[in-house]
Asker: 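First the structure, which I've put down as structure tokens, then a few questions once you've had a look.
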Amino acid sequence: MVHHNPQGKHIGSSFDDFLAEEGLLAEAHAVAQQRIIAFQLEQELQRRGWTRADLADRLGISHLAVDHLLDPEDLTVDLQLLARAADLLGRRLRITLR
């Protein structure tokens with residue numbers, strides 16, 4: 001947990017340490033990554049002038065499935081579908097363990 005001394009300086013662990021102690025770090029990272037991916041896909045759609053409906057039609061999936069795919073809060077995204085969408089948009093999905 002982060003504490004402050006009277007001079008306003010941090011004492012103790014970082015915010016990541018706090019999240020890890022609370023068992024929330026992995027989920028926080030997953031949410032952040034999903035938000036980034038969803039944002040990047042939306043940007044690529046806009047760059048190409050495509051709508052979500054266009055993407056759904058090109059992927060052969062429902063519009064609801066595209067909404068699910070691009071939902072920045074949804075952590076149950078199908079990685080194969082995400083990779084197909086990225087490929088269709090001329091991008092590559094890369095997932096690494098560090």
Asker: Can you list everything that forms a side chain to side chain contact (heavy atoms under 4.5 Å, CB included) with Gln33? Sequence neighbours excluded, please.
Answerer: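 Counting only residues at least two positions away or on another chain, Gln33 forms no side chain to side chain contact (heavy atoms under 4.5 Å, CB included).
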
Asker: Could I get the full list of side chain to side chain contact (heavy atoms under 4.5 Å, CB included) partners for Asp67, not counting sequence neighbours?
Answerer: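 Asp67 satisfies side chain to side chain contact (heavy atoms under 4.5 Å, CB included) with Arg52 only.
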
Asker: Which residue pairs pass the salt bridge (charged side-chain N to carboxylate O under 4.0 Å, His left out) test when at least one of the two sits in residues 79-88, sequence neighbours left out?
Answerer: none

Asker: Check which hydrophobic residues are tied to Leu75 through side-chain heavy-atom contacts below 4.5 Å, counting indirect links as well, and list them.
Answerer: Val31

Asker: Under 4.5 Å between side-chain heavy atoms, counting indirect links through other Ile/Leu/Val/Met/Phe/Trp/Tyr residues: same cluster for Leu81 and Leu79 or not?
Answerer: yes

Asker: NE2 of His63 to CG of Leu55: how many Å apart, nearest 0.5 Å?
Answerer: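 It is 9.5 Å, given to the nearest 0.5 Å.
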
Asker: Less than 4.5 Å apart, side chain to side chain, heavy atoms only: is that true for Leu70 and Leu45?
Answerer: yes

Asker: Tell me, please, which residues at least two apart from Asp54 pass side chain to side chain contact (heavy atoms under 4.5 Å, CB included).
Answerer: Trp50, Thr51, Arg58

Asker: Sequence neighbours left out, what pairs pass salt bridge (charged side-chain N to carboxylate O under 4.0 Å, His left out) with at least one residue falling in residues 29-40?
Answerer: Arg35-Glu73

Asker: Taking side chain to side chain contact (heavy atoms under 4.5 Å, CB included) as the definition, give me every residue that meets it alongside Ile37, ordered by chain and number, with sequence neighbours left out.
Answerer: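 If we apply the side chain to side chain contact (heavy atoms under 4.5 Å, CB included) test to Ile37, skipping adjacent residues, the hits are Leu41, Leu82, Leu93.
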
Asker: Who passes side-chain hydrogen bond (donor to acceptor under 3.5 Å, both in side chains) against Ser62, sequence neighbours left out?
Answerer: none

Asker: Under the side-chain hydrogen bond (donor to acceptor under 3.5 Å, both in side chains) test, which residues partner His29, sequence neighbours left out?
Answerer: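 Applying side-chain hydrogen bond (donor to acceptor under 3.5 Å, both in side chains) to His29 gives none.
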
Asker: Name all residues meeting the side-chain hydrogen bond (donor to acceptor under 3.5 Å, both in side chains) criterion together with Glu44; count only those two or more places apart in sequence or in a different chain, and write none if there are none.
Answerer: Arg47, Arg48

Asker: Only counting residues at least two apart or in another chain, list the ones meeting side-chain hydrogen bond (donor to acceptor under 3.5 Å, both in side chains) with Gln40.
Answerer: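 Here no residue qualifies.
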
